Amino acid sequence: MAPDAIEREILIDAPPRVVWSIVTEAQHLAGWFSDEAEIDLRSGGRMLLTWRGHGTYAGRVETVDPPRLFAFRWQTREGELSDTNSTLVVMTLEAEETGTRLRVVESGFATLPWPGDARARYAEENSKGWLTELGELHDYVTRIVGASSGR
Amino acid sequence: MTTRSDEADRLWAALGDPMRIRLLDLLLERGEATASTLAGALPITRQGVSKHLNVLERDGLVTAHRSGREVRYAVREERLDQARAALARTAGRWDTRLTAIKKMAEQAAKSGADR
């Protein structure tokens with residue numbers, strides 16, 4: 001995984017269809033994510049996420065595959081939503097004996113434009129190019145955050 | 001909370017290039033180095049290295065100091081620490097959100113079963 005991605009997961013004692021409605025329905029999004037939420041739950045559908053005191057941010061539904069996969073982009077800064085001012089959140093729901101394993105990966109913190117075409121040229125090297133120091137980011141994050149979530 | 005500063009965005013942008021990551025790794029390994037010696041260890045030209053070093057310097061990830069006729073570069077580790085901390089905060093926010101989802105889903109499943 002790229003060093004600018006976060007992966008977290010949790011085991012939920014509820015079936016995937018219940019978890020699905022919690023993560024995708026506006027009334028529930030407004031409970032765990034933003035203060036107010038609107039969502040047009042289909043690929044390309046618009047989302048509006050409001051945090052009182054901070055403002056409203058746009059989002060776009062990317063993938064809807066109930067009750068397994070839900071992906072959306074949300075804006076990190078002002079302006080029209082685009083791939084360079086938003087991050088991608090991918091939520092996967094996996095049925096387990098005792099409920100649902102919900103996994104989330106948020107990525108794209110480093111997708112802002114930068115000069116030249118070096119990104120395309122070196123994209124191939126991504127997998128082996130990210131070395132020690134930054135490769136440790138995930139271990140580090142997993143350690144300090146994992147400690148509090150009982151993993 | 002969703003606020004992400006321009007400062008953080010610039011930091012991520014600087015870190016978002018595999019070649020710059022390799023440059024940082026080399027610099028961390030060697031302590032400090034010139035653009036020429038770095039180019040010798042990478043599949044790009046000295047000009048290419050300089051371009052990336054300029055981005056890293058602009059966004060505060062490396063420092064440059066002149067030593068005679070050379071410019072030597074070194075990593076500012078406190079900036080890397082900021083990147084770590086930003087990722088950790090994001091991870092922490094997701095843990096909070098996932099815990100909320102868990103509570104809401106388990107409550108919904110329970111009340112559904114009671115009916």
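What you are looking at is a predicted structure, and each value in this text was computed from that prediction instead of being measured. Letters A, B, ... mirror the listed sequences (proteins, then strands); counts begin at 1.
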request  = Would you mind checking which part of A:Ile12 comes under 4.5 Å of any heavy atom in chain B, side chain (CB onward), backbone (N, CA, C, O), both or neither?
outcome  = both

request  = Establish, from distance only, whether the side-chain atoms of B:His52 and B:Arg20 form a donor-acceptor pair under 3.5 Å.
outcome  = yes

message = Please rank B:Met104, B:Lys103, B:Gln107 by heavy-atom pairs under 4.5 Å with chain A and give me the top one.
response = B:Met104

ask   = Which pair of non-hydrogen atoms, one from A:Thr50 and one from A:Ser34, has the smallest distance, and what is that distance?
value = O-CB, 3.4 Å

message = Heavy-atom cut-off 4.5 Å, strictly under: side chain, backbone, both or neither for A:Val19 against chain B?
response = both

task = Determine which residues belonging to residues 61-71 of chain A lie within contact range of chain B, meaning some heavy atom pair is under 4.5 Å apart, and list them by number or answer 'none'.
result = none

ask   = Quick one: are B:Lys110 and B:Glu106 in side-chain contact, heavy atoms under 4.5 Å?
value = no

request  = Hydrophobic side-chain clustering at under 4.5 Å (ILVMFWY, transitive links): who's grouped with A:Leu48? Put none if nobody.
outcome  = none

key: Atom group of A:Leu11 that falls short of 4.5 Å from chain B, counting heavy atoms   = backbone

Donor + acceptor pair across side chains of B:Thr99, B:Thr96 (<3.5 Å) = no

CZ (A:Arg17) with more than 12 external heavy atoms under 6.0 Å = no

request  = Scan for salt bridge (Lys or Arg N to Asp or Glu O under 4.0 Å) pairs involving residues 25-37 of chain A, sequence neighbours excluded, and state none if there are none.
outcome  = A:Glu36-A:Arg52

request  = Tell me, out of B:Ala100, B:Gly48, B:Ala105, who's got the most heavy-atom pairs with chain A below 4.5 Å.
outcome  = B:Ala105

task = Could you list the residues that satisfy side-chain hydrogen bond (donor to acceptor under 3.5 Å, both in side chains) with B:Trp94, not counting sequence neighbours?
result = A:Glu106

